Structure formats: C-alpha cells, structure tokens
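Just below is one structure, and these are the notes that go with it.
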Amino acid sequence: MTAAPNPRRCLLFVPGSRPERYAKAIATGADQVCIDLEDAVAPADKESARAALFAFLAGAPTSHGEIGLRINPLSTALGQADLAALAASRLKPAFVMLPKVETVAELRQADAALAAIDTAFIAQIETPRGLLDARALAAAIPRLQALMFGGFDYIVALRGRAGWDSFFHPRVQLATVAAEAGIGCLDVPYLDIKDEAGLIAETDRVIELGFTAKAAIHPAQVEPIQSRYLPTAAEYERAQHVIAALAASGGEAIQLDGKLVDRPIEIAAERAIALGAHGVRAG
C-alpha cells in the first residue's frame with residue numbers, strides 16, 4: 001500500500017519581520033507554514049524581512065510540512081521586487097502565495113518569472129473582481145495549488161460587514177471553482193485567537209462547504225484546525241468497510257448496513273482513509 005499523501009489542512013502565517021518565530025511556527029506541525037512579507041510586515045521592515053526570510057529558507061528544515069512565503073501584491077513595486085529577488089535567489093520554497101490576485105496575467109507573470117524554480121502557487125482571492133474571475137484564475141497555470149479566500153479584504157471592497165452570512169456566498173463560489181479545477185481551497189483565518197470553540201465550529205462549517213484547509217494566525221489554532229479534518233475512529237472504520245465491500249462487489253453499487261453505497265460514497269471513503277493515515281479524532 002502506498003503512503004498517504006501529505007495533507008494540507010492548515011496553513012499557519014508567521015510575520016516575515018519576526019525571524020525568531022519561524023522555527024516555532026514549523027514546530028507546531030502545521031501542514032503548511034507561510035512566512036509573510038505582506039500584511040504582517042510594516043513598510044519600513046519590508047526589505048529586512050525579505051532578507052531574513054531568504055536566509056532562513058536557504059537552510060530551512062524539510063522534515064515536516066511545507067514552508068513557503070507570501071510576497072506583496074504584484075500590482076505594487078514591493079511585489080515586483082519580491083518576485084525579482086526570489087527569482088534571483090534560486091531558493092525553492094514549497095509554495096509562493098500571491099495576494100490580491102485579479103488577473104490571469106498576474107499568475108502568468110509569476111509563473112514565467114519563477115520558471116526556473118520548482119514551486120507551487122497559491123492565489124488569494126480578496127476582491128470582487130478576483131471572485132468574479134476566479135474560474136479563469138483557477139485554470140490559468142498548471143502549478144496553481146490552491147485558491148485562498150481573503151475574506152476581510154474582500155468584505156471591505158464589497159462595502160459590507162464581516163460575518164458568516166456575508167462570507168457565505170463567496171465561500172461557496174470559491175470552493176466550487178476550486179473543486180472544478182481540482183485544486184485546494186483555503187479559508188480565511190479565524191481572528192479570535194482565544195475562542196477555540198468558535199474556531200472549531202467555523203472549521204467544521206467550511207469543511208462542509210468544501211474547503212480543503214483553513215489558515216491560522218497563531219500556533220494555538222493549528223491543532224484544532226488540523227484535527228477537524230481527520231475522521232473519527234468510527235468514520236475511518238466505516239470507510240474501510242465501504243472500500244472492502246465495493247471491491248468484493250466488483251465496483252457495483254451495493255447496500256451496506258442498509259445504506260446505498262456507490263461511487264460517490266467510495267470517493268468520500270477514500271478521502272477519509274487518506275486523512276485517517278495521519279490519525280483519527282475523538283469526535
């Protein structure tokens with residue numbers, strides 16, 4: 001049996017201007033760690049943060065998770081400088097997050113600029129224009145790994161108020177687009193660091209909508225997020241029974257414990273087994 005692929009359930013942001021936090025972020029066991037050069041860094045610290053980040057990436061550990069970075073928007077001089085510096089460095093981060101993406105041209109520019117670097121891209125959708133053109137963006141370049149919902153920038157641009165109801169439509173639309181393209185879909189961070197119950201509840205709700213991961217802004221949020229993506233022991237056992245029963249039937253739809261089991265149920269079982277290889281949750 002082949003090993004289960006590395007999951008991407010949680011992406012933890014860490015400020016690029018706080019290099020003393022880089023290793024601590026990785027030590028959380030987050031599936032992805034994103035060192036941020038954009039919103040988390042004051043304008044006066046942009047260049048020093050980039051230098052610290054590049055120095056860290058040059059000797060970064062690769063034993064757990066994926067380490068990447070978020071550059072500044074490509075519509076700005078800072079973003080263009082980040083992209084050029086990364087291309088010149090020949091560093092190989094696991095991914096590069098591009099904020100406030102609105103056009104296919106931006107993705108293609110980044111793809112061409114980093115043609116010599118084997119890295120994936122995550123495109124943040126943070127504006128009405130980006131959301132309306134998300135389907136084209138999702139298909140723009142082969143190495144686009146995921147779309148990420150930038151909810152708070154989006155709702156400001158929309159002239160609305162942040163909340164579950166106002167985020168519901170863009171979440172559903174983005175998850176649908178990402179699923180059609182066969183790529184991941186990351187949810188916006190939960191900002192109340194001390195509200196673990198709220199974090200868990202929101203994580204469960206976005207999992208139901210089709211989000212493959214949720215971003216985090218504090219190490220304490222990583223485990224609660226990642227554990228919600230795991231099946232319970234009962235769900236894992238049920239998934240194994242489903243796969244075995246369908247294999248015995250030659251792939252035909254069957255009844256198992258009084259319930260219909262067909263190909264969609266098999267796909268869900270396969271996903272549960274892949275995630276269950278990384279553990280099960282209590283409930």
Side-chain angles (χ1 to χ4, degrees), residues 4 6-15 18 21-36 39-40 64-66 70 97 122 124-126 146-156 158 160-176 178-179 184-239 268 271-283:
N6 290 331
R8 296 187 180 110
R9 300 160 292 174
C10 179
L11 179 147
L12 174 62
F13 282 107
V14 58
R18 300 298 297 270
R21 295 185 182 178
Y22 297 175
K24 294 178 182 178
I26 295 168
T28 64
D31 293 336
Q32 293 185 302
V33 171
C34 184
I35 303 175
D36 187 19
D39 286 346
H64 182 89
E66 298 179 349
R70 177 165 70 173
M97 183 179 290
I122 298 172
Q124 282 193 281
I125 306 303
E126 304 181 79
L147 300 176
M148 178 176 170
F149 178 43
F152 298 99
D153 284 277
Y154 171 84
I155 204 65
V156 169
L158 193 68
R161 292 179 179 174
W164 177 260
D165 289 342
S166 60
F167 282 1
F168 181 77
H169 168 73
R171 276 175 165 146
V172 170
Q173 185 170 341
L174 207 62
T176 301
C185 194
L186 286 77
D187 190 45
V188 63
Y190 190 76
L191 298 187
D192 190 342
I193 295 168
K194 296 183 178 180
D195 182 13
E196 182 174 308
L199 170 66
I200 290 171
E202 184 168 277
T203 301
D204 284 343
R205 295 180 86 177
V206 299
I207 289 172
E208 291 173 357
L209 295 183
F211 280 79
T212 58
K214 186 168 180 63
I217 53 172
H218 191 277
Q221 296 179 320
V222 173
E223 193 281 331
I225 291 172
Q226 294 193 161
S227 66
R228 300 314 294 177
Y229 278 90
L230 298 175
T232 64
E235 289 168 342
Y236 186 64
E237 183 179 0
R238 168 72 178 179
R271 290 173 179 159
I273 289 173
L275 285 168
H278 302 280
V280 294
R281 59 183 171 88

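Because the structure is a prediction, the values reported are computed rather than measured. Each residue takes its place number in the sequence, starting with 1.
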Residue pair Phe211, Leu186: steps toward the side-chain contact (heavy atoms from CB on, under 4.5 Å) verdict: CA-CA 6 Å; Phe211 280 79; Leu186 286 77; 5.6 Å; no

Quick one: pull up [atom1] in [X] and [atom2] in [Y] and give me the separation to the nearest 0.5 Å.
| X | Y | atom1 | atom2 | result |
| --- | --- | --- | --- | --- |
| Leu174 | Ile125 | CG | CD1 | 6.0 Å |
| Cys185 | Ile122 | SG | CD1 | 11.0 Å |
| Arg271 | Tyr229 | CZ | OH | 12.5 Å |
| Ile200 | Asp195 | CD1 | CG | 9.5 Å |
| Cys34 | Leu11 | SG | CG | 5.0 Å |
| His169 | Leu158 | NE2 | CG | 9.0 Å |

Audit row: Gln221, Gln226, side-chain contact (heavy atoms from CB on, under 4.5 Å) steps and yes/no: CA-CA 9 Å; Gln221 296 179 320; Gln226 294 193 161; over 6 Å; no

Under 3.5 Å donor-acceptor, Ser166 side chain and Arg161 backbone: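 It does hold such a pair.
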
Short side-chain to backbone donor-acceptor contact, Gln173 and Pro170, under 3.5 Å: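 No; zero donor-acceptor contacts below 3.5 Å.
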
Test log, rule side-chain contact (heavy atoms from CB on, under 4.5 Å), inputs Leu275 and Arg9: CA-CA 10 Å; Leu275 285 168; Arg9 300 160 292 174; 4.2 Å; yes

Salt bridge (charged side-chain N to carboxylate O under 4.0 Å, His left out) partners of residues 146-156, not counting sequence neighbours, each pair once: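 For residues 146-156: Lys100-Asp153.
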
Taking every non-hydrogen atom, the tightest pair across [X] and [Y]:
| X | Y | answer |
| --- | --- | --- |
| Ala25 | Val14 | CB-CB, 4.1 Å |
| Leu12 | Ile217 | CD1-C, 4.1 Å |
| Tyr236 | Ala277 | CE1-N, 4.3 Å |
| Met148 | Ala215 | CE-CB, 3.6 Å |
| Cys10 | Ala213 | N-CB, 4.1 Å |
| Pro231 | Gly279 | CD-O, 4.1 Å |

Partners passing side chain to side chain donor-acceptor pair (under 3.5 Å) against Tyr154 (at least two apart in sequence or in another chain):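 Here no residue qualifies.
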
Results of side chain to side chain contact (heavy atoms under 4.5 Å, CB included) for Phe152 - residues two or more places apart only: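 Per chain and number, Phe152 pairs via side chain to side chain contact (heavy atoms under 4.5 Å, CB included) with Ala162, Phe167, Val188, Leu191.
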
Pairing residues for Val156 by the side chain to side chain contact (heavy atoms under 4.5 Å, CB included) criterion, not counting sequence neighbours: none

Within-4.5 Å side-chain heavy-atom neighbours: Leu209 and Val172: yes

pair His218-Phe13: side-chain heavy atoms closer than 4.5 Å: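 A side-chain contact under 4.5 Å is absent here.
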
For Asp192, salt bridge (Lys or Arg N to Asp or Glu O under 4.0 Å) partners two or more places apart: none

Sequence-distant partners of Glu202, salt bridge (Lys or Arg N to Asp or Glu O under 4.0 Å), two or more places apart: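 Once residues adjacent in sequence are excluded, the partners of Glu202 under the salt bridge (Lys or Arg N to Asp or Glu O under 4.0 Å) criterion are Arg171, Lys214.
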
Verdict with supporting geometry, Arg70 and Gln124, side-chain hydrogen bond (donor to acceptor under 3.5 Å, both in side chains): CA-CA 10 Å; Arg70 177 165 70 173; Gln124 282 193 281; 2.9 Å; yes

Worked check of side-chain contact (heavy atoms from CB on, under 4.5 Å) between Ile225 and Leu199: CA-CA 8 Å; Ile225 291 172; Leu199 170 66; 3.9 Å; yes

Sidechain N-carboxylate O distance under 4.0 Å for Arg8, Asp31: no

